[in-house]
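Numbers for residues simply follow the sequence, beginning at 1. Because the structure is predicted, anything quoted here is derived from the model rather than measured. Ligands are counted one by one from 1 in listed order, and the atoms in each one are counted from 1 as well.
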Amino acid sequence: MATTAKKAEEVAHASMFDAVLARLDKAAELFGLAPEVAEILRHPKREVKVSLPIKMDDGSVKVFEGYRTVHSTHLGPSKGGIRYAMDVNDDEVRALAAWMTVKCAIANLPYGGGKGGIKCDPRKMSVGELERLTRAYTRAMSDVFGVNKDIPAPDMGTGKREMAWLLDEYNRVQGEDSPGVTTGKPITLGGSKGREAATGRGVMVASLAAMKKIGLNHKTATAAVQGFGNVGSHAARLLASKNITIKAISDHTAAYYNEKGIDIEAALKFVASNGNVLKGFTGGQEISNNELLTANVDLLVPAAIQGVITSANAGDIKAKLIVEGANGPTEADADQILNDKGIVVVPDVLANGGGVTVSYFEWVQNRMGHYWTEDEVNAKHDASMAQAFENCWFNSQQYKTSMRIGAYITALKKLDKAIRYKGNY
Ligand code: NAD
């Protein structure tokens, strides 16, 4: 890579962990967090980088970079996904791990935060290559992972297939069966019912709770959902099941708008029969993804990628409520614009916590060796999400701040206590 391009990439990534720290600092200042506690949270507990030589299908050997960062274990073993993507690097993993610390504390889970990743393009690798890579990564991280130490899960570019390989390899290394060492597994291997839809379900619960607070009747409300993958499609389906009219949906290939409401079941069927993409859907008129973000709706759910709401488009957003299904969809400099417009933003660290909440239920079921029905999982999830929402709302009101900073304060209150109780610094 040319030096200037490399430098630009480093600068861009340097800002990601800084962005997490900037929001933590703001919350810490309002809350009055002791400087020594803030200082501890500014540094990840452990960072591991490994080189993974893999024999490719053509006989060549390629060396991949693998990362795992444990940001905090103050509230329990670290928890967080594993991402396979070309832009994975130490700074991004560090930022995502810190986010997990905040997210788990808000969701009231007995977990710290961690995250991992491999710099690779999974779409350009064969299944065999991906399996060898996942197993090599697991062997290299086998002293980091552990049912009571650090518990991975899927993230972008990974899913239940990778978690099954990871579990199998970990069990081989340890010489015993430890289903709780990872979550997001296939149900046959100890996965939890309700896990797949959990993040979208949490978005639905958070949306309804926020609507109640700001006096929006969900039976007459309208919404736009960006992203039609795991989070976006389940969120759209579940919001529609509560009579919310979904006027716009999108993925990376296309966005569609229908004034009368998109038939979400029809969109789901279309995507399933169309190579998992929306392009070509006939249930609405095609618009751009930016038009979706600024559509005339009550609720906007960004559930695709980070950095889509910026200072350039925040001023044009017409929604009264934004519920962040994706991680980091709103850039820090857009926060103030949204605040000034009186738009309520339910932040990612709260809104998409449904996934890790049901991951926790999966881990609990694995430890008990006893499994719950989907209704039991959903009921526990909904109660947990509703409580997390109330706590963040309360803190935003008490500290006269945005819901985002209120959510960070919710996390800091718990982390502060845990760090002080444990002491030893
Ligand atoms: P996914 O890969 O299943 O789906 C992503 C969707 O976004 C796809 O429909 C894709 O086409 C769309 N997309 C990609 N680029 C886009 C663009 N430029 N414009 C519009 N749409 C675009 O991923 P996912 O699991 O649904 O994750 C989505 C977001 O939610 C990510 O930020 C992820 O970190 C976050 N998240 C996911 C979970 C989970 O349980 N899956 C939990 C917490 C947070």
Among protein heavy atoms, which lies nearest [atom], and at what distance?
atom: atom 18 (N) of ligand 1; result: Ile305 CD1, 3.4 Å
atom: atom 33 (C) of ligand 1; result: Asn327 ND2, 4.0 Å
atom: atom 21 (N) of ligand 1; result: Asp251 C, 3.2 Å

Between [X] and ligand 1, which part of the residue brings a heavy atom under 4.0 Å of the ligand: side chain, backbone, both or neither?
X: Ala303; result: backbone
X: Val231; result: both
X: Arg195; result: side chain

Does [X] have more than 12 heavy atoms from other residues, nucleotides or ligands lying within 6.0 Å of its [atom1]?
X: Lys414; atom1: NZ; result: yes
X: Lys62; atom1: NZ; result: no
X: Lys417; atom1: NZ; result: no

Ion pair check, [X] and [Y], cut-off under 4.0 Å:
X: Lys124; Y: Glu129; value: no
X: Lys103; Y: Asp348; value: no
X: Glu259; Y: Lys247; value: yes

Please indicate whether any nitrogen or oxygen in [X] is less than 3.5 Å from any nitrogen or oxygen in ligand 1.
X: Lys103; answer: no
X: Thr199; answer: yes
X: Gly229; answer: yes
X: Ser250; answer: no
X: Gly227; answer: no

So if I count the atoms of ligand 1 from 1 in the order they appear, which ones are less than 4.0 Å from some heavy atom of [X]?
X: Asn289; answer: 19 (N), 20 (C)
X: Ala304; answer: 7 (O), 12 (C), 13 (N), 21 (N), 22 (C), 28 (C), 29 (C), 31 (C), 32 (O)
X: Ala326; answer: 29 (C), 30 (O), 32 (O), 35 (C)

Return yes when at least one protein heavy atom is under 4.0 Å from atom 23 (O) of ligand 1, and no when none is.
no

Going by atom types only, do Asp251 and Thr253 share a side-chain donor-acceptor pair under 3.5 Å?
yes

Ignoring hydrogens and geometry beyond distance, is a side-chain donor-acceptor pair present between Arg83 and Thr158 at under 3.5 Å?
no

With under 30° as parallel and over 60° as perpendicular, where do the rings of Trp393 and Phe389 fit, or are they tilted in between?
parallel

Angle class for the Phe17/His71 ring planes (parallel below 30°, perpendicular above 60°, tilted otherwise)?
perpendicular

Shortest reach to atom 3 (O) of ligand 1 by a heavy atom, considering only Asn230, Leu292, Asp155
Asn230

Who's closest to atom 13 (N) of ligand 1 heavy-atom-wise, of Glu196, His252, Met156?
His252

Check whether any side-chain N or O of Lys341 sits under 3.5 Å from a backbone N or O of Ile317 as a donor-acceptor pair, and report yes or no.
yes

